[in-house]
Protein chains: 2
Amino acid sequence: MKNKHGSKRALTRNQSLVFEALRKAKNPVGAYELLDQLREHGLRAPLQIYRTLDQLIELKIVHRLESLNAWTLCCDAEHDSTPVFAICNDCGIVTECFDENISSNIQKISKRSGFVADRSVIEIHGRCDQCETSQG
Amino acid sequence: MKNKHGSKRALTRNQSLVFEALRKAKNPVGAYELLDQLREHGLRAPLQIYRTLDQLIELKIVHRLESLNAWTLCCDAEHDSTPVFAICNDCGIVTECFDENISSNIQKISKRSGFVADRSVIEIHGRCDQCETSQG
DNA sequence: ATAGGTATTGTTATATTATAACGATTCTAT
DNA sequence: ATAGAATCGTTATAATATAACAATACCTAT
Ligand SMILES: [Zn+2]
Ligand SMILES: [Zn+2]
Ligand SMILES: [Zn+2]
Ligand SMILES: [Zn+2]
């Protein structure tokens, strides 16, 4: 994904299309919903979407939400720490946040059992502030 | 799932079948794999499996691993706190563990943004102690 | 610039995972 | 026993994801 100079390569056409679709969406988007939206721009097959999403994940600008089967833009291209996603059951909004302690606790819990962590999935379901206050 | 005395009801036939299949498995099992195994005992349709799994989750004796699309027995029927699953990429073994701090951190991270947590998914992928030490 | 090899992309087909709809059966309370 | 509610079985179908291979673009050395 990087060119020979190590700098970031511009996004390919498919990558840009998927990126823009995700950027315009309020909430995470499923693969087939992306496909529907991008048909008019020439994407016809699921694999074109899935491959592109994998590439954008590799580039660290997109995350997959495992408990939703959906994808969302990363809030910030630079983080190394494990993101924590807060997912609202009502409005579907997803907030990416970080917590030093959670990351270090995962390290600890891993070391305790000799487990070497690689990738963490942390997805909290509940109700966002807005839904909580507006509807009781 | 509880009878009128509030005590735990015995498992139904389907529940027992799925429970036993999970108990015998070393690792989490997918719905269609369960279906294959239980065909000889009279289960024929995916819904019979999915419904039963939902019931066992409701009974808090089974967990679903969101990042695997698979299910596993709970290590301990009594916990209230959020389980943390360590999933080995190599051998597929899944260890359910707990960490007071992680639970309280999730509370904090939630409160910070007014989010009210409901259900947490924490799944750590990596290599288990055994795979790590045996194969370098 | 051109040929040859490599990596990426497009396309078709298919696999895997999950749910909708509805009738049959069982359970529950009177 | 009987009516209503809940659960279950069955068929069909929806939703999500990948395998296989051909076509195209890309890189490298001449
Ligand atoms: Zn991020
Ligand atoms: Zn909300
Ligand atoms: Zn458990
Ligand atoms: Zn292992």
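Predicted model, so just to flag it, every value in this text is computed and none were measured. Any value given below was found using the heavy atoms of this structure, including those in side chains, with hydrogens, waters and symmetry copies removed. Sequence lines set the chain letters: A, B, ... in the order given, protein chains first and strands last, and positions in each chain run from 1.
Axis deviation across the helix from C:dA1-D:dT30 to C:dT30-D:dA1 amounts to 40°, comparing end segments of five pairs, rounded to 10 degrees.
Atom CG of A:Asp36 and atom P of D:dA14 are 14 Å apart (whole Å). Rounded to whole Å, atom C1' of D:dT7 lies 16 Å from atom CD1 of B:Ile49. The distance from atom CG of B:Leu47 to atom P of C:dC22 is 14 Å, rounded to the nearest whole Å. Atom CG in B:Leu17 sits about 10 Å away from atom P in D:dG9, given to the nearest Å. Regarding A:Leu11, its CG atom lies at a distance of 15 Å from the P atom of C:dT8, rounded to whole Å. At whole-Å resolution of the value, CG in A:Leu34 and P in D:dA17 are 11 Å apart. Put simply, CG on B:Leu35 is 15 Å from P on C:dT19, counting in whole angstrom units. Rounded to a whole Å, the CG atom of A:Asp54 is 14 Å from the C1' atom of C:dT9.
Shown here for A:Thr82 and A:Phe98, the closest heavy-atom pair between the two residues is O-CD2, 3.8 Å. Between B:Cys131 and B:Asp90 the shortest heavy-atom distance is SG-CB, 3.7 Å. Counting all heavy atoms, side chain and backbone alike, A:Ala21 lies closest to A:Gln37 at CB-OE1, 3.8 Å. Shown here for A:Asn89 and B:Asp118, the closest heavy-atom pair between the two residues is ND2-OD2, 3.2 Å. Looking at every heavy atom in both residues, B:Ile87 comes nearest to A:Phe115 through O-CZ, 3.2 Å.
In terms of polar N and O atoms assigned as donor or acceptor, the side chain of A:Tyr32 never comes within less than 3.5 Å of the base of D:dA14 in a complementary pairing.
In this structure, B:Phe85 and B:His63 have perpendicular ring planes: the angle between them is above 60°, well past the 30° mark.
Among the heavy atoms of the strands lying under 4.0 Å from A:Arg51 is at least one base atom, whether or not backbone atoms are also near.
Nearest nucleotide to the A:Arg64 side chain, out of C:dA18, D:dA17, C:dT19: D:dA17. The side chain of A:Thr12 has C:dT9 as its nearest neighbour among D:dT11, D:dA20, C:dT9. Considering only the side chain of A:Asn69, D:dT16 comes nearest among C:dT9, D:dT16, C:dA18. If you check D:dC8, C:dA18, D:dG9 against the side chain of B:Asn14, the one that comes closest is D:dG9. The side chain of B:Pro46 sits closest to C:dT19 out of C:dG10, D:dT16, C:dT19.
Close to D:dT10, at under 4.0 Å from its OP1 or OP2, lies a side-chain N or O of B:Arg44. Within the 4.0 Å cut-off from OP1 or OP2 of D:dT7, not a single side-chain nitrogen or oxygen of B:Gln55 is found. Between A:Gln48 and the phosphate of C:dG10, there is a side-chain N or O to OP1/OP2 separation shorter than 4.0 Å.
Note that CG of B:Leu35 is 5.0 Å distant from CD1 of B:Ile49, once rounded to the nearest 0.5 Å.
Residues B:Ala70 and A:Leu43 both approach DNA chain C. Their nearest nucleotides, taken by heavy-atom distance, put A:Leu43 toward the 5′ side.
At distances below 3.5 Å, at least one donor-acceptor pair connects side-chain atoms of A:Asn27 with backbone N or O atoms of A:Cys91.
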